[in-house]
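In each ligand, atom 1 is the first atom listed, and ligand 1 is the first ligand listed.
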Amino acid sequence: MIEMHDVWKTYPDGTTALRGVSVVIDRNDFVYVVGPSGAGKSTFMKLIYREEVPTKGQLSVNGFNIGKLRQRKIPYVRRNIGVVFQDYRLLPKLTAYENIAFAMEVIEASKRSIRRRTMEVLELVGLKHKASSFPSQLSGGEQQRIAIARAIVNNPSVIVADEPTGNLDPETSWGIMKLMEEIHYRGTTIVMATHNKEIVNSMRKRVIAIENGTIVRDEQRGEYGYEA
Ligand SMILES: Nc1ncnc2c1ncn2[C@@H]1O[C@H](COP(=O)(O)OP(=O)(O)OP(=O)(O)O)[C@@H](O)[C@H]1O
């Protein structure tokens, strides 16, 4: 569960990106975060995966107070959050398989469980046959599938995805969205920032709209609500 209470974020240069955000995202929610460019969506996401810390207010993820987290607890909390970016961020010198396995090596999983689980998630994203390909040999949609496999390999309770379909054509985007739905169905909370009006309007999930650093709308089975 993610809980924010009157969360503010001002960057070191004085830009205030979030102004008093309060929200509860329950276990197994699927939430789209929408809003104009510069509204604060990425900042909202970065706070959840602790890339940034709040300037003011309370934020907890799975019961951990993110603002006051001790350094040694950070890896433990991060392990429970998978992150997916618009630009995939795969390691170019590692194969698809190695990119995924690496996330398990970092947490010192056993060789046997790495092998088993990496093949399992490759299968889930439909890319077992591309296990030995390098990112440069994969299409954008395939790279994003590998990035999603990497994000879920350690069984996180939450996936935070910041514009995961931003670089993809509509058909490929739909495939990614169906995959996210499948992951959600298997019991993972999904928080996804997106500018994709068509997808938000047809999936009818919870929609949180952020404008100028505040939540202006929070609807179950919501709509995108802006011109694309
Ligand atoms: N590291 C930073 N330092 C200073 N200002 C920042 C930083 N990151 C973001 N901002 C500013 O904070 C505000 C919110 O940015 P944010 O990236 O959260 O918006 P966004 O809604 O994700 O936008 P987009 O849809 O364009 O990705 C903007 O004014 C932005 O310029």
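- Contact annotation: the side chain of Met192 approaches that of Met177 to within less than 4.5 Å [non-hydrogen atoms, C-beta and beyond].
- Note that CD1 of Ile48 and CD1 of Ile159 are 12.0 Å apart. Values are rounded to the nearest 0.5 Å.
- Side-chain contact between Met180 and His184 is absent, with no heavy atoms from C-beta onward closer than 4.5 Å.
- Minimum heavy-atom separation, Glu198 to Trp174: OE2-NE1, 3.6 Å.
- Tyr11 and Thr43 are linked by a side-chain donor-acceptor pair at a separation below 3.5 angstrom, with hydrogens and angles left out of the test.
- Across all non-hydrogen atoms, the minimal contact from Asp26 to Thr189 is O-CG2, 3.6 Å.
- Every protein residue with a heavy atom nearer than 4.0 Å to ligand 1 is included here: Tyr11, Asp13, Thr15, Ala17, Pro36, Ser37, Gly38, Ala39, Gly40, Lys41, Ser42, Thr43, His195.
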